[in-house]
Novice: 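Structure in structure tokens, see below.
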Amino acid sequence: MDYHFDWSVIARNSGKLGDALLLGLGLAVVSLLIGCVIGLLAAYARVSGKRWLSAPVWAYVEFIRCTPLLLLIFFLYFGLPEFDISFLDKTQSFVLSLSLYAGAYMCEVFRAGLASIPKQYVEAAKAIGMRPVQRQVYVVLPVMFRITLPSIGNNLISLFKDTSLAAAIAVPELTFTARQINANTFRVMEVWLTASALYLASAYLIAMVLRLLERRYASIR
Amino acid sequence: MDFSMAPGTFLFEAWQARQSLLSGLGVTLLSSALSIVMATVLGLAMGVALTFGWWWLRPLARLYVDVMRGLPLLVLILFTYYGLALFGINVPAFWAGVIALGAFATAHVAENFRGAVQSVPAGQMEAAKAIGLTFGKRLTYVILPQAVRRMLPPWVNTALEIVKGTTLLSIIGVVELLLSAQQAMARNYMIIDFYLLTAALYVAINFTLAQLGATLERRFSYLRY
């Protein structure tokens, strides 16, 4: 092996890499939040028992789960302007893709969560005279949140890793920035090792925070 | 809605591009199949190392699994393609992609195996030990037949992830299905139409794979104890 490491290139670009990492984390969190809203609505549509409501949602979920995320990203970024929807810049378009993608997965998570809530909870809430909305807000949703917290956490980690795909439409997150630094400096190994270490460390950090959250909230007491 | 041209024109353009689309589809299928085979064989071996390995082997396998599951697949592919070249190992883009996809999925298969083995009641292993079966025989006749059945659903999920992961090979220049569709778009500007065609093809591939998985599950489901 005749490769000589020169880590000064990382020190010189540390600001750029830091910004890129934060952007990736931000993209993942925002997409997860929007995805949770989409997923929740979709899950309620799936369990509603109305075919006209659950069939399109089923089609959406299966379509997203069977097609590659990169395809969705390209489709929205290059395809939407064909429909004269051009108010989306590349970051917004990526967030929309990732949110739609997260929404499909969260729908399944929430559906399983809703299904695992003991019937007695809802009956008890009915018995003390809660209205349907109150039952959902005060009984069903808090319990479901606790049940699904581990899965939401897993999705956040995988969404964070998926933000690397934003590089394909030149959103300046970590992978894109690493490739740019590579192109300017040719220090391939240093840059990729650093980017990998940053991804690993962040994913571990998120996992640790989630474990703490789970310990606090996930069990039904 | 503003589909660029009439459906007839699209069919004509798709027919014009059939050769590159078919070869792209072939590349997608071949790279998926190779990666799935690699991940299954190595993943099972890694799973055995993770579960029953010597004391020094287990943490190494654990480290491998954790690193692979903590990295984005795209970073892994770029790393394999550009990184190996620095060590004088010039792997063609296609093979770099297959290796990266396979190495990534190996970790997932290993973890699935661990989960499946852990769900086999411990008493069975002890019973097999008690009647004097060697470790290899315990693994082949007692643990694996039960673990395989439990591994099937997550294994199918991993296979679907691999098929979808092959789109990332386009970024290192492998002309798979997505890139061949984009090349067709670059000639005729029928962007939406070709993306929809590509999406339909991926759905078809993955739907077939999922059905195959369901059939296999049914086949194995009488392996009860």
Side-chain angles (χ1 to χ4, degrees), chain A residues 1-3 24 59 62-85 154 157-168 173-176 178-179 182 186-193 195-207, chain B residues 1-4 28 66-89 157 160-171 176-179 181-182 185 189-196 198-210:
Chain A
M1 171 181 156
D2 52 352
Y3 190 82
E62 291 305 315
F63 181 78
I64 296 281
R65 295 210 304 175
C66 283
T67 47
L69 176 56
L70 190 60
L71 183 72
L72 186 66
I73 294 169
F74 283 152
F75 187 73
L76 293 191
Y77 185 58
F78 297 116
L80 281 189
E82 298 282 306
F83 292 114
D84 290 331
I85 303 174
N154 278 343
I157 294 177
S158 86
L159 285 180
F160 170 62
K161 294 199 294 169
D162 287 335
T163 56
S164 64
L165 299 190
E173 49 65 66
L174 194 49
T175 305
F176 182 76
R179 290 187 85 179
N182 270 340
F186 300 108
R187 305 308 308 180
V188 178
M189 273 318 239
E190 292 87 338
V191 176
W192 282 131
L193 283 175
S196 305
L198 286 174
Y199 273 116
L200 271 177
S202 316
Y204 260 100
L205 208 66
I206 300 174
Chain B
M1 292 273 266
D2 179 28
F3 277 91
S4 22
T28 291
D66 283 348
V67 168
M68 285 298 165
R69 298 206 312 164
L71 281 181
L73 182 52
L74 179 59
V75 170
L76 205 63
I77 289 172
L78 291 170
F79 202 89
T80 315
Y81 185 51
Y82 295 110
L84 286 182
L86 293 178
F87 297 103
I89 310 169
N157 280 344
L160 298 184
E161 287 301 320
I162 288 182
V163 173
K164 296 198 281 175
T166 55
T167 48
L168 302 185
L169 304 193
S170 63
I171 291 176
E176 42 65 72
L177 185 52
L178 182 59
L179 190 54
Q182 282 183 314
M185 288 169 214
Y189 298 107
M190 304 185 74
I191 294 167
I192 303 270
D193 319 49
F194 271 95
Y195 275 133
L196 284 178
T198 318
L201 285 171
Y202 278 110
V203 170
I205 297 170
N206 280 342
F207 192 75
T208 314
L209 250 180

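So you know, we letter chains A, B, ... as the sequences are listed, proteins then strands, and number each from 1. None of these values were measured; they are calculated from a predicted model. Hydrogens, waters and symmetry mates are skipped; everything else that's a heavy atom, side chains included, is used.
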Novice: Identify the two heavy atoms, one from A:R65 and one from B:K164, that lie closest to each other, and give their separation to 0.1 Å.
Specialist: O-NZ, 2.9 Å

Novice: Where is the tightest heavy-atom contact between A:S164 and A:Y199, given as atom of each residue plus distance?
Specialist: CB-OH, 3.5 Å

Novice: In terms of heavy-atom pairs under 4.5 Å, which option from B:N206, B:V75, B:V203, B:L71 contacts chain A the most?
Specialist: B:L71

Novice: If you count heavy-atom pairs under 4.5 Å with chain B, which of A:F74, A:F63, A:F160 comes out on top?
Specialist: A:F74

Novice: Please classify the contact between A:L165 and chain B as side chain, backbone, both or neither, with a heavy-atom cut-off of under 4.5 Å.
Specialist: both

Novice: Quick one: which of A:I157, A:D162, A:L200 has the most heavy-atom pairs under 4.5 Å with chain B, could you say?
Specialist: A:L200

Novice: So for B:T166, is it side chain, backbone, both, or neither that comes closer than 4.5 Å to the heavy atoms of chain A?
Specialist: neither

Novice: Check whether any side-chain heavy atom of B:I192 sits under 4.5 Å from a side-chain heavy atom of A:F75, and report yes or no.
Specialist: yes

Novice: Taking the side chain as everything from C-beta on, heavy atoms only, tell me whether B:L168 gets closer than 4.5 Å to A:L70.
Specialist: yes

Novice: Less than 4.5 Å to any heavy atom of chain B: does that hold for the side chain of A:S196, its backbone, both, or neither?
Specialist: both

Novice: So do A:W192 and A:R187 actually touch side chain to side chain, heavy atoms under 4.5 Å?
Specialist: no

Novice: Counting only non-hydrogen atoms closer than 4.5 Å, does B:L160 touch chain A with its backbone (N, CA, C, O), its side chain (CB onward), both, or neither?
Specialist: neither

Novice: By a 4.5 Å heavy-atom criterion (distance strictly below it), what part of B:V163 contacts chain A: side chain, backbone, both, or neither?
Specialist: neither

Novice: Over all heavy atoms of both residues, which pair between B:E176 and B:L169 is shortest? Give the atoms and the distance, please.
Specialist: CG-CB, 4.3 Å

Novice: Among the options B:F194, B:Y195, B:F207, pick out the one with the most heavy-atom pairs lying under 4.5 Å from chain A.
Specialist: B:Y195

Novice: Heavy-atom cut-off 4.5 Å, strictly under: side chain, backbone, both or neither for A:I64 against chain B?
Specialist: backbone

Novice: Between chain A and each of B:A210, B:P72, B:G70, count heavy-atom pairs under 4.5 Å; write down the option with the most.
Specialist: B:P72

Novice: Quick one: which of B:T198, B:I171, B:V67, B:L78 has the most heavy-atom pairs under 4.5 Å with chain A, could you say?
Specialist: B:L78

Novice: Which heavy atom of B:L178 sits nearest a heavy atom of B:Y202, and at what distance?
Specialist: N-OH, 3.7 Å

Novice: Counting heavy-atom pairs under 4.5 Å with chain B, which one of A:L193, A:L80, A:T163, A:V191 comes out on top?
Specialist: A:L193

